[in-house]
Participant: 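For reference, the structure I am asking about is given below.
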Amino acid sequence: MSNFYHFDRLAKEPNLVHAVTKKSIGSPYEMSLALHTGEDNRDIVSNRWSVAKSILGLDSIDRCNFVVANQTHSDHVQIIDSDISLGWADRESAIADCDALITNHKNVILTILTADCVPILLYDPIREVVAAIHAGWRGTESQIVIKTIESMVHRFGSKPSDIVAVVAPAIGGCCYEVGEDVAEHFIEYTDAIEDVGDGKYMLDLPMINRLQLLSVGLTRENIQMSGICTSCSVNEFFSYRREQGCSGRFMSIIGMLS
Ligand SMILES: [Zn+2]
């Protein structure tokens, strides 16, 4: 299987691996990678290994450890400094109540699962640190990308101007309609919210995350947007909204190899 989305900005970095998985018709659950949505776990774990083999190759896979968070729409950031797989082959060992993972360990592969929420991958090539973030509207409201950058600065001495960020496919301002209760949290982002009447608003969460990254010192050149809306591209990516509560999740992955 070689059914992945890659970012040019990260693909050129040596020893860095990254990918965003796509749906694969014919694979179990169309290649969903989530253990928490009720599918047969054996099939999902098999899908995960299939993805890992494709991205890393058989040579690297044995020395790599994979980390999955039990995502809760929180603003909790966890630094991973152990060399064991967590949450990969079972749900119980996943990082509890966490929506952003950071590591400077080589061969530790960080993952985020989404179907419309915004996945963001970070790489500091100077300090050699990677991060993977899940930002739905709650995580965006609580500025989890900023908190993750701050954690990289404090713990690893990262300079925001060195950090490369990519914003993976997520539901776009074209399709993400919200009510007043959600919109009221984002009123200050005038370019990312559009009043469409009847108390409804179109909200552009990828753009807001980009603005937050810029606000803490990332450069425009170092931020790459996929520009892909999961709802518009539902044949390629899972979309919780478009599929009216689908159980499928795709995975955004980043790690440094030794
Ligand atoms: Zn759309």
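When a ligand or atom number is given, it counts from 1 through the structure's own listing order. On a predicted model such as this, the values are computed, not experimentally measured, just so you know. One is the number of the first residue; the rest follow in order along the sequence.
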Participant: Give every donor-acceptor pair under 3.5 Å between a side-chain atom in residues 161-181 and any protein atom, sequence neighbours left out.
Facilitator:
residue	atom	partner	partner atom	Å
Glu180	OE1	Tyr201	OH	3.3
Glu180	OE2	Tyr201	OH	3.3

Participant: Run the side-chain donor-acceptor check on residues 107-123: report pairs under 3.5 Å with partners two or more places apart or on a different chain.
Facilitator:
residue	atom	partner	partner atom	Å
Asn107	OD1	Arg63	NH1	3.3
Asn107	OD1	Ser258	N	3.0
Asn107	ND2	Ser258	OG	3.0
Thr111	OG1	Val67	O	2.8
Asp116	OD1	Thr230	OG1	2.7
Asp116	OD1	Ser239	OG	2.8
Asp116	OD2	Ser239	OG	3.3
Asp116	OD2	Tyr240	N	3.0
Asp116	OD2	Arg241	N	2.7

Participant: With the side chain counted from C-beta on, respond yes when Val234 and Glu236 share a heavy-atom pair under 4.5 Å apart, and no when they do not.
Facilitator: no
Participant: Name all residues meeting the salt bridge (Lys or Arg N to Asp or Glu O under 4.0 Å) criterion together with Asp204; count only those two or more places apart in sequence or in a different chain, and write none if there are none.
Facilitator: none
Participant: Taking only protein atoms, how many N, O or S atoms are found under 2.8 Å from the Zn ion (ligand 1)?
Facilitator: 4
Participant: Between Asp198 and Lys200 (side chain of the first, backbone of the second, donor and acceptor by atom type, cut-off under 3.5 Å), is there such a pair?
Facilitator: no
Participant: Does Arg249 reach the main-chain N or O of Ser32 with its side chain, forming a donor-acceptor pair under 3.5 Å?
Facilitator: no
